[in-house]
2 protein chains.
Amino acid sequence: MTLAEKAYDALRHDIIRGELAPGRPLRLADLSQRYGMGFSPLREALNRLQAERLVMAESLRGFRVAPLSLDELHDAMALRIVIETEALKASIGHGDDAWASGIVSALYALNLQAARTGGEANIWTLEARHHAFHRALLAACNSPWMMEFFERLYAATERYRIPVLLAAALPAGRDVQAEHSALAQATLDRDAGKASALLDQHYRRTVDDLAEAIRANDGDILRVRLFG
Amino acid sequence: MTLAEKAYDALRHDIIRGELAPGRPLRLADLSQRYGMGFSPLREALNRLQAERLVMAESLRGFRVAPLSLDELHDAMALRIVIETEALKASIGHGDDAWASGIVSALYALNLQAARTGGEANIWTLEARHHAFHRALLAACNSPWMMEFFERLYAATERYRIPVLLAAALPAGRDVQAEHSALAQATLDRDAGKASALLDQHYRRTVDDLAEAIRANDGDILRVRLFG
DNA sequence: TGCAACCGGATTTTCGAAAGAATTTGGAAT
DNA sequence: ATTCCAAATTCTTTCGAAAATCCGGTTGCA
C-alpha cells in the first residue's frame, strides 16, 4: 500500500468520524506532521477526496473539510432513498443464496452489537456493522454504479449521524433494530414492494430523527469549526 | 487556474472524447510530454479522475484509462434513467421562469446545430449543446447530489456515444430532435408524468441504438487499446 | 481620517531528482 | 529448447527545495 493510499484512508476516516471538523482548513504542514509523510501523497489523497466531496478545494488557497448543512443532509438522504430502493429491488431480483446468507449474517452481527451495553458497547463497531448490513441488502443489485453512489452517499450521511450517536442524542420510542429485522425479512421473502417501502420508511425516520437531534443541539453539530 | 486543474480538464476531455483510448496506460513521462508539465500536477489530476472512475489506478503500477464494456453502458444508462427522471420531476416542481427560459434557449441552440450539415456540422458543438440541453432540464431540481451524479453518468455514457457519432453509425428512422422537442414541451407544460416517461423512452432508445451500433461494429469501439 | 500600494511571512503549488518497485533482458544451467 | 535467476531497465512514488501566490499589517500620501 502506497503512502498516498494510506493518506486517503486516514483522511477519509478522520473526516467521516468528525475528528477533522467540518470547515476546518487542511494545511499541508499540519497534515504532514499528523500523518508523518511529505506533501505529495497528501495532496493526492486530498484530490481524491475533493472528487468525493468530502474535501473542498479552492485554487491556490488549499483544502478544507467539506462543511455540513441541514439542506445537504436532506438532499443526500432523499437521493439515498431513490437509489437504494431501486438497488434493493434489483438485489431481490438477482440475489442468490450467498446474498441471502450475507444479509442474515450481517443482521445477526449488527443485532449482537446493538444489544451490548456499557463497556462492550462500541459505537464504531456498531457503525461498521450497520454499514455492512445496508451494503449486504444491496450487494446483489449487480450495478457497480449504484454501489458506488450508495457508498458515496453513505459516507456523506454518516458524517451527520456520528456526532448525534456520540451525543447519544437519539430520540427514544423507536426500535431501530426491529426496523432492520423487518426490512431483512421482507427482503429475504423477496417481497420487493414491502422491502423498499420499509427501507424508505426507515430512512425517512432516520432523517427526521437526525434533523430533530441537530435542531435540539442548536445546530452545533453542523457548525463550521474553522479551527480545531 | 493551477496546472493541476488544467491537467484535470485536459485529461478528462481527452478521455471522454476517446483521444486517450480505453485501457491505454497513462505513463507519467508521456503525459508530462503531452501536456507540458511536471509529474505533480498530473498525478493530482489522475487521482481526481480515478475517484470519478474515468481512470483506473493500480498500486505501484500507475494509471490507465478506464475500459469500456457493454455491461457498464447498460448499468450507467439504467441509473441515468432512475436519477434523471427523479431530477426532472423535482425540476418541474421547483422550476421558475429562468429555468424554463433556459430550456427553451438550450433546445433552440441544439436544434440549430443539429440542422447544420457539411462544413458547418460539428460534432463537438452538437455534443456540448446536447449536454447543455439535458442539464437545463434538470437544473431546477435543487439537488446538488443529483446534479453531480448526472454529470458523472453523463461523462461515463458520453464515452460510448462519441465513437458511434464519429463513425456516423446512428441508425436511421429515429428523429432525435423531435424527441428532444416533445420532452421540452412536456417539461414546460409541467407534466411531470409525461416528461419523465418521454425521458425514459428517449434513453431506452439511445441505449438500444448505441448497443446496436457497437454490435454492428463488432465491439471494436469498446476494445481495450493497450497502445494507442 | 481614508485609501492604496507595498512589504514580510505563511501557504500552496510545482519542479527535479532520488528512492523504490515492477518488468524485461540476457545468460547460464538443466 | 526451457527454466530460472540476476542485472539492467523502465516506471512509479516520494521527498525537499524553489517558485508563485495569498494574507495581514504597515507605511506613505492625499
Side-chain angles (χ1 to χ4, degrees), chain A residues 1-15 19-67 223-228, chain B residues 1-15 19-67 223-228:
Chain A
M1 188 181 241
T2 65
L3 282 180
E5 287 164 342
K6 287 199 185 85
Y8 170 80
D9 288 346
L11 277 165
R12 186 170 194 279
H13 180 270
D14 291 351
I15 290 169
E19 283 160 36
L20 295 168
R24 166 172 168 167
L26 296 167
R27 298 239 168 64
L28 287 171
D30 295 349
L31 298 180
S32 175
Q33 182 99 43
R34 180 181 180 118
Y35 299 111
M37 58 184 72
F39 289 179
S40 312
L42 287 168
R43 288 185 63 85
E44 291 184 19
L46 289 166
N47 274 286
R48 284 178 66 180
L49 292 164
Q50 178 196 4
E52 291 183 28
R53 275 176 152 49
L54 289 172
V55 156
M56 316 248 61
E58 222 176 334
S59 236
L60 296 177
R61 286 207 242 160
F63 303 88
R64 60 180 52 236
V65 180
R223 194 89 56 228
V224 169
R225 274 154 291 196
L226 294 181
F227 317 99
Chain B
M1 186 180 241
T2 64
L3 282 180
E5 289 164 340
K6 288 200 185 87
Y8 170 80
D9 287 347
L11 276 165
R12 187 172 192 279
H13 180 271
D14 290 351
I15 290 169
E19 283 160 36
L20 294 169
R24 169 174 166 163
L26 295 167
R27 299 237 168 64
L28 274 303
D30 294 348
L31 298 179
S32 175
Q33 182 101 39
R34 179 179 180 119
Y35 298 111
M37 58 183 70
F39 289 179
S40 312
L42 287 168
R43 288 186 62 86
E44 291 185 19
L46 289 167
N47 273 285
R48 286 178 66 181
L49 293 163
Q50 178 197 2
E52 291 183 28
R53 275 180 152 49
L54 288 172
V55 157
M56 317 248 63
E58 222 177 334
S59 234
L60 297 176
R61 289 208 240 160
F63 302 87
R64 62 179 55 236
V65 179
R223 195 88 56 226
V224 168
R225 272 154 295 193
L226 294 180
F227 317 98

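Below, chains carry the letters A, B, ... as their sequence lines are ordered, and counting in each starts from 1.
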Participant: Side chain of R27(A) only, heavy atoms from C-beta on: which candidate in dA21(C), dT14(C), dT12(C) is closest?
Facilitator: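 Nearest to the side-chain atoms of R27(A), counting from C-beta on, is dT12(C).
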
Participant: Closest nucleotide of DNA chain D for R61(B) versus for G36(A): which of these residues is on the 5' side?
Facilitator: R61(B)

Participant: Rounding to a whole Å, what distance do you find between E44(B):CD and dT12(D):P?
Facilitator: 17 Å

Participant: 5'-most contact on DNA chain D: S59(B) or S59(A), nearest heavy atom basis?
Facilitator: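 Closer to the 5' end of DNA chain D: S59(B).
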
Participant: How many Å lie between CG on L28(A) and P on dC15(D), as a whole number?
Facilitator: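 Checked: the CG to P distance equals 13 Å.
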
Participant: Looking at dT12(C), dA22(C), dG16(C), which one has an atom nearest to any side-chain atom of S40(B)?
Facilitator: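 Selected nucleotide: dG16(C).
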
Participant: Determine yes or no for a side-chain-to-main-chain donor-acceptor pair under 3.5 angstrom, with T2(A) supplying the side chain and S59(B) the backbone.
Facilitator: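 No: the side chain of T2(A) does not pair with the backbone of S59(B).
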
Participant: Is L3(B) touching bases, backbone alone, or none of the nucleic acid, heavy atoms closer than 4.0 Å?
Facilitator: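 It contacts sugar-phosphate atoms only.
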
Participant: Within a strict 4.5 Å, meaning less than it, do heavy atoms of the E5(A) and E44(A) side chains meet?
Facilitator: no

Participant: Give the rounded distance in Å between these two atoms: CD of Q33(B) and C1' of dC11(D).
Facilitator: 16 Å

Participant: If you define the side chain from C-beta out and look only at heavy atoms, does anything of L11(A) sit under 4.5 Å from Y35(A)?
Facilitator: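 Contact flag for L11(A)/Y35(A) side chains = yes.
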
Participant: Pick base, sugar-phosphate or nothing for T2(A), based on heavy-atom distances below 4.0 Å to the nucleic acid.
Facilitator: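 T2(A): backbone/sugar contact only, no base atoms under 4.0 Å.
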
Participant: Report the nucleotide, chosen from dC11(D), dT14(D), dC15(C), that has the shortest atom-to-atom distance to any side-chain atom of A4(A).
Facilitator: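 In terms of side-chain proximity for A4(A), the closest of dC11(D), dT14(D), dC15(C) is dT14(D).
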
Participant: Find the distance Y35(B):OH to dT14(C):P and express it as a whole number of Å.
Facilitator: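 After rounding, the reported distance stands at 16 Å.
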
Participant: CD of Q50(A) versus C1' of dT13(C): gap in Å, rounded?
Facilitator: 14 Å

Participant: Is the shortest distance from a Lys or Arg side-chain nitrogen in E58(B) or R64(B) to a carboxylate oxygen in the other one below 4.0 Å?
Facilitator: no

Participant: To the nearest Å, how far apart are L46(A) CG and dT11(C) C1'?
Facilitator: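 Distance, rounded to whole Å: 14 Å.
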
Participant: As a test of reading the structure: which of dC22(D), dC15(C), dA21(C) is closest to the side chain of L60(B), going by heavy atoms?
Facilitator: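 Selected nucleotide: dA21(C).
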
Participant: Rounded to the Å, how far apart are L42(A) CG and dT14(C) P?
Facilitator: 16 Å

Participant: To the nearest 0.5 angstrom, please state how far the CZ atom of F63(B) sits from the CG atom of N47(B).
Facilitator: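 One gets 4.5 Å once the value is rounded to the nearest 0.5 Å.
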
Participant: When the distance from NZ of K6(B) to P of dA20(D) is rounded to whole Å, what number comes out?
Facilitator: 13 Å

Participant: At under 4.0 Å between heavy atoms, what does L26(A) touch on the DNA or RNA strands: base, sugar-phosphate, or nothing?
Facilitator: sugar-phosphate

Participant: Of the listed nucleotides (dT12(C), dT13(D), dT23(C)), which one gets closest to any side-chain atom of F39(A)?
Facilitator: dT12(C)

Participant: For the side chain of R43(A), starting at C-beta, report the closest nucleotide among dA22(C), dT21(D), dT12(C).
Facilitator: dT12(C)

